[in-house]
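Following: one structure in structure tokens, then a few remarks.
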Amino acid sequence: MVNLLKSISLVFKEKFKHKHTHIIQAPGRVNLIGEHTDYNNGFVLPCAIDFQVIVAASVRGDNIISLFSANYNQADEFDLSERIDFHETMMWANYIRGVVQRLVMLGYKLKGINIVVSGNVPQGAGLSSSAALEVAIGQTFKTLCDLDITQDQIALCGQQAENVFVGCNCGIMDQLISAKGEEGHALLIDCRTLETKSVPIPDDLSIVIVNSNKTRGLVDSEYNTRRKQCEQAAVHFGVKALRDVTLKQFTQREHELDPVIAMRARHVITENTRTKQAAKALKLGHIKKISQLMALSHISMRDDFEITVKEIDILVDIIKDKIGNQGGVRMTGGGFGGCVVVLVPSEIVNGVISAVHSQYQSQTGLNESIYVCQARNGSGPI
Ligand code: GLA
């Protein structure tokens with residue numbers, strides 16, 4: 001982090017010939033449990049992590065947003081008083097353009113700003129680097145233009161940018177936890193009301209994220225397909241979202257559904273229950289229960305929602321073999337590659353790391369990356 005701050009300051013000075021006035025950060029996230037439940041108005045249990053997008057910024061005297069990405073070594077510029085269009089080649093710029101467009105549409109009075117973005121959230125790993133960028137930008141405008149905007153609204157702007165401007169129909173989880181995370185806590189989020197409950201992560205537990213380094217393919221199209229299938233199931237049950245269907249109601253009418261739609265719905269309905277149970281178990285430090293719920297969540301993502309890939313299943317098996325019911329392991333995030341999350345007593349972290357190290361590469365030909373994380377606060381000025 002210290003290095004990131006140093007280098008972003010230098011880059012800002014070099015690009016804009018003056019010193020920034022503000023540094024803003026927004027974290028990535030890891031989801032402990034509750035996958036693909038957010039857009040079904042259900043429950044999720046993520047925490048913000050100590051990998052962040054950071055922004056150095058200062059107000060200009062005009063209507064220009066001047067951007068530089070330190071990670072991509074690319075610049076972009078647009079005028080707040082003109083139409084903000086999709087950038088055909090620089091995808092990173094679209095997350096920013098999308099958020100700014102949304103803020104303008106909502107009537108917020110924005111000022112021209114010089115911005116350098118940088119960060120260390122692994123990209124394409126399912127740890128929400130794009131949501132962190134969106135939230136960092138919302139937070140930057142809130143701070144520099146003194147906007148009367150809540151953290152929920154910043155998150156919603158990020159989600160809208162992604163849905164409408166970028167074209168991925170994601171839910172609210174990633175942006176909300178990036179905007180509202182709490183140090184040492186996971187948040188149980190009700191994605192219908194956006195109400196959050198802080199769940200302390202017991203001091204003796206560690207969060208380990210293992211990146212399969214399997215390139216995520218077809219993510220947006222498969223994601224949007226899953227979402228449509230869930231909506232189709234909700235229509236069948238005559239409810240607003242699958243959150244409103246109980247397991248009993250589902251079992252009674254399961255035979256009426258197309259088998260694939262039934263599998264998708266079963267995942268979401270059972271995952272909502274598991275997520276609420278996991279929040280309780282975490283609060284009470286019932287690690288065996290957490291272990292069981294995370295295992296069931298993974299099986300459900302693998303067999304019913306069909307969003308895991310071979311490499312991820314291998315990782316989960318290696319780790320599960322090692323930890324038994326002393327901790328939990330499951331894939332985290334949207335799926336089709338990415339990371340697994342492990343919640344274990346700190347004294348067995350090294351055992352997990354060496355088990356993965358000695359088996360993953362030989363079984364898959366890929367090398368893992370491992371991040372031992374802490375639950376951190378959501379976005380804000382540094
Ligand atoms: C992605 C989306 C989230 C959520 C997860 C799956 O991260 O951005 O909204 O749907 O996938 O739980």
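Both counts, for ligands and for their atoms, begin at 1 and track the order of listing. Please read all numbers here as calculations on a predicted model, not as lab measurements.
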Between Thr143 and His22, do the side chains contain an N or O donor and an N or O acceptor separated by less than 3.5 Å?
no
The side chain to side chain contact (heavy atoms under 4.5 Å, CB included) partner of Val135 among Asp174, Ile154, Leu176 is Ile154
Inspect the contact between [Y] and [X] and indicate whether a charged nitrogen and a carboxylate oxygen are less than 4.0 angstrom apart.
X      : Y      : answer
Arg330 : Glu271 : yes
Arg60  : Asp62  : yes
Arg227 : Glu231 : yes

Which residue holds the protein heavy atom closest to [atom], what is that atom called, and what is the gap in Å?
atom                    : result
atom 5 (C) of ligand 1  : Met173 CE, 3.8 Å
atom 10 (O) of ligand 1 : Tyr223 OH, 2.5 Å
atom 8 (O) of ligand 1  : Asp174 OD2, 2.6 Å
atom 9 (O) of ligand 1  : Asp38 OD2, 2.5 Å

Original post:
Where does the angle between the aromatic ring planes of Phe305 and His36 fall among parallel (under 30°), tilted (30 to 60°) and perpendicular (over 60°)?
Top reply: tilted
Report yes or no: does Arg29 have a heavy atom closer than 4.0 Å to ligand 1?
yes
Ligand 1 to Tyr39, heavy atom cutoff 4.0 Å, flagged ligand atoms 10 (O)
Within 4.0 Å of some non-hydrogen atom of Cys170, the atoms of ligand 1 are 2 (C), 8 (O), 9 (O)
Out of Gly335, Gly334, Gly171, Ser128, the nearest non-hydrogen contact to atom 11 (O) of ligand 1 is supplied by Gly334
